*Asks:* 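Have a look at this one.
For clarity, every value in this text was computed on a predicted model and none was experimentally measured.
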Amino acid sequence: MGRKRLITDSYPVGKRREGPTRTSKGELAADPGLRGETPQSPGRDVDLTELALLRQFDLAWQYGPCTGITRLQRWHRAEEMGLDPPREVHQVLQTHQGDPRFQYSLWHIYPL
């Protein structure tokens, strides 16, 4: 009697070739600075910080619902109702007026 057949016996075995971007097991990926690549620009960090601020504004229930309106409309509505929305949010929205990442909340772009 032979060995027991396994489900993997019916699939062909293929070996992966290592390309320039792959590292073999046990090796650490090289530092981007060593490969001649530039690290992320400082402007990207600022964008991520500003988007985090806007995300906090989206999740703050005290400024009212955020579905169906832009962040700027929500900010103005909260101000009209005397809810004292953060001025920093208004400044970020004014500086990035044409960028949909900043104008619309995640819920507006991807509704549930």
*Asks:* Quick one: pull up CZ in Arg71 and CG in Asp58 and give me the separation to the nearest 0.5 Å.
*Replies:*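 It comes to 4.0 Å.
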*Asks:* Kindly write out the residues that satisfy side chain to side chain contact (heavy atoms under 4.5 Å, CB included) with Gln91, not counting sequence neighbours, or none if the list is empty.
*Replies:* none
*Asks:* Could you pull out all residues at least two apart from His90 that satisfy ring pair (Phe, Tyr, Trp, His ring centres under 6.0 Å)?
*Replies:* Trp75, His76
*Asks:* Which ILVMFWY residues are connected to Trp61, directly or by a chain of links, through side-chain heavy atoms under 4.5 Å apart?
*Replies:*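 Besides Trp61, the hydrophobic cluster comprises nothing; the residue is isolated.
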*Asks:* How far apart are the closest heavy atoms of Thr70 and Gln73, and which atoms are they?
*Replies:* N-OE1, 2.9 Å
*Asks:* How many angstroms lie between atom CG of Asp47 and atom CG of Asp99, to the nearest 0.5 angstrom?
*Replies:*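 Taking CG in Asp47 and CG in Asp99, the distance rounds to 7.5 Å.
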*Asks:* Taking Gly64's backbone N and O only, do any of them form a donor-acceptor pair with Arg74's side chain (distance below 3.5 Å, no angle check)?
*Replies:*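 A pair under 3.5 Å: yes.
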*Asks:* Calculate, to the nearest 0.5 Å, the distance between atoms CG and CG belonging to Leu53 and Leu51 respectively.
*Replies:*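 Separation between the atoms: 9.5 Å.
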*Asks:* Only distances under 3.5 Å count here; give the side-chain donor-acceptor pairs of residues 78-89 to other protein atoms, sequence neighbours excluded, each with its distance to 0.1 Å.
*Replies:*
unit_1: Glu79; atom_1: OE2; unit_2: Arg87; atom_2: NH1; d: 3.3
unit_1: Glu79; atom_1: OE2; unit_2: Arg87; atom_2: NH2; d: 3.4

*Asks:* Give, for atom OH of Tyr104 and atom CG of Leu54, the distance between the pair rounded to the nearest 0.5 Å.
*Replies:*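 With rounding to 0.5 Å, OH (Tyr104) is 14.0 Å from CG (Leu54).
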*Asks:* Under the side-chain hydrogen bond (donor to acceptor under 3.5 Å, both in side chains) rule, collect the residues that match up with Glu50, sequence neighbours excluded.
*Replies:* His96
